[in-house]
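One structure is given below, encoded as structure tokens.
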Amino acid sequence: MSSVSQRSSGLVQRRTEASRSAAADRERAADGEEAESRRAEEEDAEGDSKETRLTLMEEVLLLGLKDREGYTSFWNDCISSGLRGCMLIELGLRGRLQLEPCGMRRKSLLTRKVMCKSDAPTGDMLLDEALKHIKETQPPETVQSWIELLSGETWNPLKLHYQLRNVRERLAKNLVEKGVLTTEKQNFLLFDMTTHPLTNSTVKQRLVKKVQESVLDKWVNEPQRMDKRVLSLLFLAHSSDVLENAFAPLLDDQYDLAMKRVRLLLDLDPEVEASRTGANELLWAVVAAFTK
């Protein structure tokens, strides 16, 4: 009898130790992510004096804007949801959002809920508005649901208040304030439209060069070694149907190589990539929402 109780107590002890060890691993990973987000914000702040700092949303919009005309293509119906995906990743990279823990039964990225990790203001009105919605919503929603809700693509009238309105116009105004765009009025026969032509071509050229180099000169075969912001930009620019604009100036052989490498990224399994050490799960959940 005593040997049975010793065995059972030993089993309980081993389970307790295993659960403690798993909890410690999760805590270390969370601390690592937090430190990384703090380090990224510090680096961004240092870089502010050298060059204009843009959010992922602003970068995607800038790639989609026609330089002289100052508006995105009328045929692009992907950029709206793409910009909402940008917001979720931006908040994830800044340490404000995370996915709920897996628990004992491993859930897929698209079934896990988005949780508020920190409600500290970001200094960006659009991001803070999205963060407020996510924090106050109970029960929590998935990444796919938030992209639809923030875009206003829902049949539930009780959830229409989650829609972020005039996102492109508000982002364009941010870029005007940063000295990248200017504001003009254009007459389109039946109506007048506010447009935002490019005024600082250096910022746009730097952005295009960054995108091109990430799949050409600075290409690394392992996505986990890529800068998370650049990786996110490639995925979201493709999902927003504006990546082609960055590759248009390339020579034919460079264009083919760039698209081949983008295709390699799109063929990755987000579930596998999210499970790697140092991966940002929310980033890969957004990727899964657009690629699956």
[Y] side chain reached by [X] side chain, heavy atoms, under 4.5 Å:
{"X": "F290", "Y": "L236", "answer": "yes"}
{"X": "P223", "Y": "E273", "answer": "yes"}
{"X": "M87", "Y": "L127", "answer": "yes"}
{"X": "T199", "Y": "V180", "answer": "no"}
{"X": "K185", "Y": "T194", "answer": "yes"}
{"X": "L149", "Y": "T137", "answer": "no"}
{"X": "V167", "Y": "L126", "answer": "yes"}
{"X": "N245", "Y": "V208", "answer": "no"}

[X] to [Y] - nearest heavy-atom pair and separation:
{"X": "S118", "Y": "G95", "value": "CB-O, 3.7 Å"}
{"X": "L164", "Y": "A130", "value": "CD1-CB, 4.1 Å"}
{"X": "I147", "Y": "A289", "value": "CD1-CB, 4.0 Å"}
{"X": "E281", "Y": "A274", "value": "CG-O, 3.9 Å"}
{"X": "A246", "Y": "P249", "value": "O-CD, 3.4 Å"}
{"X": "H196", "Y": "A172", "value": "CD2-CB, 3.4 Å"}

**Report entry** Residues T142, L110; criterion side-chain contact (heavy atoms from CB on, under 4.5 Å); working and verdict
**Finding:** CA-CA 6 Å; T142 62; L110 293 179; over 6 Å; no

I need the [X] [atom1] to [Y] [atom2] distance, nearest 0.5 Å.
{"X": "L99", "Y": "R112", "atom1": "CG", "atom2": "CZ", "result": "5.0 Å"}
{"X": "L97", "Y": "L283", "atom1": "CG", "atom2": "CG", "result": "12.5 Å"}
{"X": "S232", "Y": "L56", "atom1": "OG", "atom2": "CG", "result": "5.5 Å"}
{"X": "L171", "Y": "T55", "atom1": "CG", "atom2": "OG1", "result": "6.0 Å"}
{"X": "L234", "Y": "D227", "atom1": "CG", "atom2": "CG", "result": "10.0 Å"}
{"X": "M57", "Y": "L88", "atom1": "CE", "atom2": "CG", "result": "10.5 Å"}

Is there a donor-acceptor pair under 3.5 Å between the side chain of [X] and the backbone N or O of [Y]?
{"X": "Q186", "Y": "E69", "result": "yes"}
{"X": "S240", "Y": "V242", "result": "no"}
{"X": "Q98", "Y": "K117", "result": "no"}
{"X": "R84", "Y": "S80", "result": "yes"}
{"X": "R96", "Y": "A120", "result": "yes"}
{"X": "N166", "Y": "E169", "result": "no"}

Are a donor atom and an acceptor atom from the side chains of [X] and [Y] found within less than 3.5 Å of each other?
{"X": "T202", "Y": "R206", "answer": "no"}
{"X": "D217", "Y": "W219", "answer": "no"}
{"X": "T72", "Y": "R168", "answer": "yes"}

**Report entry** Residue pairs passing the salt bridge (charged side-chain N to carboxylate O under 4.0 Å, His left out) test where at least one lies in residues 139-154, sequence neighbours excluded
**Finding:**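 Residue pairs passing salt bridge (charged side-chain N to carboxylate O under 4.0 Å, His left out), neighbours aside: E141-K159.
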
Report task. Return the set of residues passing side-chain hydrogen bond (donor to acceptor under 3.5 Å, both in side chains) with K178 (not counting sequence neighbours), or none when no residue passes. Result ->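 By the side-chain hydrogen bond (donor to acceptor under 3.5 Å, both in side chains) rule, K178 matches E58.
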
Is it true that [X] and [Y] fall in one hydrophobic cluster, defined by side-chain heavy atoms closer than 4.5 Å?
{"X": "V211", "Y": "V220", "answer": "yes"}
{"X": "V176", "Y": "L54", "answer": "yes"}
{"X": "M115", "Y": "L93", "answer": "no"}

**Report entry** Which residues share a salt bridge (Lys or Arg N to Asp or Glu O under 4.0 Å) with E90, sequence neighbours left out
**Finding:**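 Only R94, R229 meet the salt bridge (Lys or Arg N to Asp or Glu O under 4.0 Å) criterion with E90.
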
Query raised in the report: Listed by chain and number, what are the ring-ring contact (aromatic ring centres under 6.0 Å, His included) partners of Y162, not counting sequence neighbours?
Result: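 In terms of ring-ring contact (aromatic ring centres under 6.0 Å, His included), with neighbours along the sequence ignored, Y162 is linked to H133, W146.
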
Requested in this report: Please lay out, stage by stage, how L231 and W284 fare under the test side-chain contact (heavy atoms from CB on, under 4.5 Å).
Outcome: CA-CA 10 Å; L231 183 65; W284 288 105; 3.7 Å; yes

Query - side-chain contact (heavy atoms from CB on, under 4.5 Å) assessment of N174 paired with D124 - result: CA-CA 9 Å; N174 287 351; D124 183 290; 4.0 Å; yes

Query - side-chain contact (heavy atoms from CB on, under 4.5 Å) assessment of T154 paired with L160 - result: CA-CA 7 Å; T154 174; L160 283 173; 3.9 Å; yes

Query raised in the report: Are E129 and R170 ion-paired here, with the side-chain N under 4.0 Å from a carboxylate O?
Result: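 Salt bridge between E129 and R170, a charged N being under 4.0 Å from a carboxylate O: yes.
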
In residues 262-269, what donor-acceptor pairs under 3.5 Å come from side-chain atoms, sequence neighbours left out?
residue	atom	partner	partner atom	Å
D269	OD1	E271	N	3.0

Per-pair distances, 0.1 Å, donor-acceptor, side chain in residues 59-67, under 3.5 Å, sequence neighbours excluded:
residue	atom	partner	partner atom	Å
E59	OE2	K210	NZ	2.7
D67	OD1	K204	NZ	2.7

